[in-house]
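Excluded from the calculations below are hydrogen atoms, water molecules and symmetry mates; all remaining heavy atoms, backbone and side chain alike, are included.
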Amino acid sequence: MESGYVTTPFGRRPMSLGMLASQQLAETIEPGMKRSKWKLFRAICEARPALGVTDRALTVLDALLTFYPDDEISEEKGLIVFPSNAQLSLRARGMTPATLRRHLAVLVEAGLILRKDSPNGKRYARRDRAGAVGEAFGFSVAPLLARAAEIESLAAQTVTDRELLRVTRERLTLCRRDISKLIMTALEEEISGDWEGISAMFRTLLARIPRVATAEDLAPLLDEMGLLRAEIVNMLERRIKTQKIDANESQIEHHKQNS
DNA sequence: AATCAGTGTGCATACAACCC
DNA sequence: GGGTTGTATGCACACTGATT
């Protein structure tokens, strides 16, 4: 077989490097490895952006996992699920077959599941006389087990990233609120200074805040915003000081006149 | 030969994001 | 505000090997 393609009963289906990699990875499951499928699924949901799949694809993965007989995924219990498209569609909230296939392909491409095709391409399991599942054909969840640690660490990273973003947003909001209050005060108190210019700078800074942003996007903006605030505070303090001095001087004058 | 359970893909549509 | 573009979806279709 030439590389790059996998021969199926239905002709040649392109095989990506990622698929090859996840196939190899799936061979390397540590003995005794097991995971609660729903805990792992939640980690996958957290790590979703990093894994490069959509929420709809996860709906399909969710449906797929419902066909795994046990809560604990482990090699001993078998790693192949073999639902028909009809059953899968049913448990994927009635997802249309074509869409189902596309998302299955996405999951394979993302290295979360593997196809294990039967000779005729249908999904089924051979059972022995005792009724136990022998060889099964369908989708293998082996990559999930092989990548469990990686997935969990991606999920943890996502959580910390999100927290950092939240904190950064919070600081940014506080800072911009400070600035607009300070500017308002300056204008109301008619403190001298180029407040129009400051306002304009503030507005352009605000306009640079992306609607959707990462913490990395926001950090430099927060820095600039902080500098602007410091500058404004500085200006105000200087004016207030000189005004106080003026006031004192006029008081002294007043004093002199009175005395 | 018809049917079944799979596979993929082209086309139309809907909707969101982006740009001017 | 309106046009463009990209993505997801659903439908229809073509194809396959096994089975009846």
Side-chain angles (χ1 to χ4, degrees), chain A residues 1-23 26 41 44-69 78-129 131 133-144 158 161-162 165 169 172 203-218 220-221:
Chain A
M1 176 175 63
E2 313 97 284
S3 66
Y5 284 88
V6 57
T7 305
T8 73
F10 320 108
R12 286 140 61 89
R13 190 158 61 206
M15 170 132 95
S16 69
L17 288 175
M19 284 163 65
L20 256 166
S22 66
Q23 250 178 33
F41 180 69
I44 293 168
C45 290
E46 291 282 8
R48 185 176 68 76
L51 292 171
V53 292
T54 60
D55 54 345
R56 290 278 276 175
L58 290 189
T59 301
V60 175
L61 183 60
D62 183 355
L64 221 40
L65 287 176
T66 66
F67 290 95
Y68 195 83
L79 294 171
I80 313 285
V81 288
F82 42 91
S84 69
N85 280 339
Q87 289 304 308
L88 204 48
S89 165
L90 220 54
R91 295 200 197 177
R93 300 163 178 81
M95 188 180 292
T96 249
T99 306
L100 194 65
R101 286 184 205 113
R102 285 179 181 130
H103 289 304
L104 284 168
V106 166
L107 290 172
V108 170
E109 195 63 28
L112 293 175
I113 57 173
L114 280 176
R115 292 184 195 274
K116 188 164 180 235
D117 289 325
S118 70
N120 65 5
K122 300 184 203 295
R123 304 182 197 125
Y124 60 85
R126 291 208 189 91
R127 290 174 193 278
D128 59 23
R129 290 183 200 286
V133 173
E135 201 173 11
F137 300 99
F139 295 103
S140 167
V141 296
L144 254 41
T158 309
D161 283 353
R162 199 169 46 215
L165 178 61
R169 273 193 187 291
L172 196 60
R203 279 195 302 275
T204 51
L205 207 49
L206 288 183
R208 279 174 50 207
I209 301 175
R211 215 159 51 80
V212 288
T214 63
E216 287 78 41
D217 296 332
L218 258 33
L221 289 169

Undergrad: Starting at CG of L112(A), measure out to CG of L104(A) and round the result to the nearest 0.5 Å.
TA: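 The CG atom of L104(A) is 11.5 Å from CG of L112(A), to the nearest 0.5 Å.
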Undergrad: Side chain of T96(A) only, heavy atoms from C-beta on: which candidate in dG8(B), dC11(C), dT9(C) is closest?
TA: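 The listed nucleotide nearest to T96(A)'s side chain is dC11(C).
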Undergrad: Got a second to check how far L172(A)'s CG is from L206(A)'s CG, nearest 0.5 Å?
TA: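 Here the interatomic distance stands at 8.5 Å.
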Undergrad: H103(A) side chain N/O closer than 4.0 Å to the phosphate oxygens (OP1, OP2) of dA8(C)?
TA: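 Negative; the distance criterion is not met.
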Undergrad: Determine whether a donor-acceptor pair (one donor, one acceptor, N or O, separation below 3.5 Å) exists between the side chain of R102(A) and the base of dG10(B).
TA: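 Result: at least one qualifying N/O pair found.
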Undergrad: Rounded to whole angstrom units, what separation is found between the CZ atom of R101(A) and the C1' atom of dG10(B)?
TA: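 Result: 14 Å.
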Undergrad: Measure from CZ on R93(A) to C1' on dT9(C) and round the result to the nearest Å.
TA: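 To the nearest whole Å, that distance equals 17 Å.
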Undergrad: Take the protein atom CZ of F137(A) and the nucleotide atom P of dA5(B), then report the distance between them rounded to whole Å.
TA: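 After rounding, the reported distance stands at 18 Å.
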Undergrad: Decide if the gap between the ring center of F82(A) and the ring center of Y124(A) is smaller than 6.0 angstrom.
TA: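 No, too far apart.
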Undergrad: From CZ of R115(A) over to C1' of dG6(B), roughly how many Å is that when rounded to an integer?
TA: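 R115(A) atom CZ is separated from dG6(B) atom C1' by 10 Å.
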Undergrad: For T99(A) and dT9(C), is the shortest distance between a side-chain N/O and OP1 or OP2 below 4.0 Å?
TA: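 It does not, given that no N or O in the side chain of T99(A) lies less than 4.0 Å from OP1 or OP2 of dT9(C).
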Undergrad: Can you figure out which of dT9(C), dG17(C), dT7(B) approaches the side chain of R123(A) most closely?
TA: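 Within the option list, the nearest is dT7(B).
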Undergrad: Ignoring backbone atoms, establish whether N85(A) has a side-chain N or O less than 4.0 Å from OP1 or OP2 of dT7(B).
TA: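 Answer yes for this pair, as a side-chain N or O of N85(A) is under 4.0 Å from OP1 or OP2.
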Undergrad: L100(A) CG to dA12(C) C1': how many Å, rounded?
TA: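 Computing the L100(A):CG to dA12(C):C1' distance gives 17 Å.
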Undergrad: How many angstroms lie between CZ in F139(A) and CG in L144(A), if you round to the nearest 0.5 Å?
TA: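 Taking CZ in F139(A) and CG in L144(A), the distance rounds to 13.5 Å.
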Undergrad: From the options dG6(B), dT9(C), dA5(B), select the nucleotide whose nearest atom is closest to the side chain of K122(A).
TA: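 The answer is dA5(B).
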